[in-house]
Amino acid sequence: MKGFFMQLLWGALIAYFIILVIMFLAQRSLMYPAGRDMPRLADHALPGMQAIETEPEAGLRLTHWFHPPASQDQPVILYFHGNAGHRGDRVPKMRPLIDAGFGLLITGYRGYGGNPGSPSEAGLRADARSVHDWLLEAGYDSGQIVIFGESLGTAVSVALASERPPAALILEAPPSSIADVAAAHYWYLPVRLLIRDPWDSLARIGSISVPLFLMHGERDHVVPVRFGRKLYEAANEPKQAIFHDNAMHTDLLDYRDVVEAVIAFIRDKTVMKIQP
């Protein structure tokens, strides 16, 4: 009997070790389930939207979508989407910001939406710098740029804002770190020892002093709201937040009151910084 239980124990340990190896090797496929289909501008009935390109590293050319602001005294939203889908999926949710007169640059990450390359933390941070550089070269001042991130894109946004302060920062359903969220979902694994791209926004948020707007759904089961609260508590003033009672992970901007609050925040925090 003792030998039987020892065999079971060894079998369980071997199986657990195999799971660890598989999860370590597959983690980027799980973290970045990229939408690889090439989206079409023509599908969105936005004549002002155009494709632009950046080259974050030699030989890697990425396509992004840009809609200019209604006038030169309006801000530009530099948008970083979440880990699934691609730039084309986000046009409908961001349409109210375009309709408000704001400019919009939707970042196309490497490996997403027909772009070459493979995603990683270092890679997406380089992609973020490249679109920020494009806006500056196109004549938009940093005081005119509002960085807006969704889910994983909030980690990209926080990393960029910690290096290049924008006029304001907007975070939608943000994790305190990807390691925190992964540890909550995979509690039975030593995630913090295995993770290659921890995306530690909590460690970076204290270096940011620009106005912050954070929103999170109380019913979010992908990135539980406690992680958004944790990040918000660590952030510097000035800051404001909406923790929406009914919202889940991807539907915050389906609520008109949230959209109106976002638009009001952008107008309030950029109008004094933009020189006509």
Side-chain angles (χ1 to χ4, degrees), residues 18-41 51-66 78-91 94 105-135 147-164 171-186 189-204 222-223 249-250:
I18 291 171
I19 291 171
L20 289 180
V21 172
I22 292 172
M23 292 296 286
F24 178 77
L25 295 176
Q27 63 180 276
R28 282 187 171 147
S29 296
L30 295 171
M31 188 180 297
Y32 309 108
R36 297 186 180 276
D37 294 338
M38 177 79 76
R40 301 191 314 159
L41 282 167
I52 60 110
E53 288 188 343
T54 68
E55 190 171 359
E57 57 191 63
L60 183 69
R61 297 195 65 83
L62 304 181
T63 299
H64 321 275
W65 286 359
F66 176 67
L78 178 52
Y79 184 75
F80 299 101
H81 66 73
N83 71 329
H86 50 61
R87 59 192 178 277
D89 299 330
R90 272 51 178 202
V91 173
M94 300 305 288
L105 198 166
I106 303 181
T107 304
Y109 304 134
R110 63 185 67 200
Y112 283 75
N115 279 333
S118 299
S120 67
E121 180 167 350
L124 267 59
R125 290 184 66 183
D127 300 346
R129 295 185 196 102
S130 76
V131 286
H132 189 269
D133 286 342
W134 186 91
L135 282 174
I147 297 177
F148 188 140
E150 164 213 330
S151 192
L152 174 70
T154 66
V156 183
S157 299
V158 168
L160 180 62
S162 69
E163 298 175 350
R164 304 179 178 186
L171 304 178
E172 176 190 354
S176 46
S177 72
I178 296 301
D180 279 350
V181 176
H185 285 288
Y186 300 101
L189 298 175
V191 167
R192 298 182 193 281
L193 297 177
L194 299 175
I195 198 161
R196 300 167 71 182
D197 296 341
W199 285 110
D200 194 350
S201 293
L202 190 65
R204 297 183 174 117
V222 178
V223 178
H249 187 61
T250 60

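All values derive from a computational prediction rather than experimental measurement. The figures here come from the full heavy-atom set of this structure, side chains too, leaving out hydrogens, waters and symmetry mates.
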Problem - Closest non-hydrogen atom pair between Pro175 and Val181, with its separation - result: CB-CG2, 3.5 Å

Handout entry: Ion pair check, Asp197 and Arg125, cut-off under 4.0 Å
Key = no

Handout entry: Ala182 to Val191 - nearest heavy-atom pair and separation
Key = CB-CG1, 3.5 Å

Exercise for the section: Please confirm whether the backbone N or O of Gly88 pairs with a side-chain atom of His81, one donor and one acceptor, at under 3.5 Å? Expected result: no

Completion exercise
Scanning both residues in full, the closest heavy-atom pair of Gly82 with Ser151 reads CA-CB, 4.2 Å

Exercise for the section: Would you indicate whether the side-chain heavy atoms of Arg28 and Pro119 approach each other to under 4.5 Å? Expected result: no

Practice task
Answer yes or no: is there a side-chain heavy-atom contact under 4.5 Å between Pro116 and Leu60?
Solution key: yes

Practice task
Could you grab the distance from atom OG of Ser177 to atom CZ of Arg204, nearest 0.5 Å is fine?
Solution key: 10.0 Å

Handout entry: Reported NE2-to-CD distance for the pair His132 and Glu163, which is rounded to 0.5 angstrom
Key = 10.0 Å

Problem - Residue pair Arg196 / Met31, side-chain heavy-atom distance below 4.5 Å - result: no

Handout entry: Side-chain touch Asp127/Pro56, heavy atoms, less than 4.5 angstrom
Key = yes

Problem - Student check: side-chain heavy atoms of Phe66 and Val131 closer than 4.5 Å - result: no

Handout entry: Donor-acceptor under 3.5 Å (Asn83 side chain, Leu152 main chain)
Key = no

Practice task
Ignoring hydrogens and angles, tell me if any N or O in the side chain of Arg90 forms a donor-acceptor pair with the backbone of Ile106 under 3.5 Å.
Solution key: no

Problem - Glu150 and Met94: CA distance, side-chain angles, deciding distance, side chain to side chain contact (heavy atoms under 4.5 Å, CB included) verdict - result: CA-CA 11 Å; Glu150 164 213 330; Met94 300 305 288; over 6 Å; no

Handout entry: Separation between OH of Tyr186 and CG of Leu30, rounded to the nearest 0.5 Å
Key = 5.0 Å

Practice task
Mind checking the OG1-CG spacing from Thr54 to Leu135? Nearest 0.5 Å is all I need.
Solution key: 10.5 Å

Exercise for the section: Spell out, as yes or no, whether a donor-acceptor pair under 3.5 Å connects the side chain of Thr63 to the backbone of Glu53. Expected result: no

Exercise for the section: Check whether any side-chain N or O of Glu121 sits under 3.5 Å from a backbone N or O of Trp199 as a donor-acceptor pair, and report yes or no. Expected result: yes

Handout entry: From OG1 (Thr107) to NE2 (His64), nearest 0.5 Å
Key = 6.5 Å

Handout entry: Side-chain heavy-atom pair Leu171, Ser157 within 4.5 angstrom cut-off
Key = yes

Fill in the blank from the handout: Rounding to 0.5 Å, atoms CG (Leu124) and CZ (Arg129) come to a distance of 11.0 Å

Practice task
Look at the side chain of Arg87 and the backbone N and O of Gly113, then say whether any donor-acceptor pair between them is shorter than 3.5 Å.
Solution key: yes

Handout entry: Mutual orientation of the aromatic rings belonging to Phe80 and Tyr109 [parallel < 30°, tilted 30-60°, perpendicular > 60°]
Key = parallel

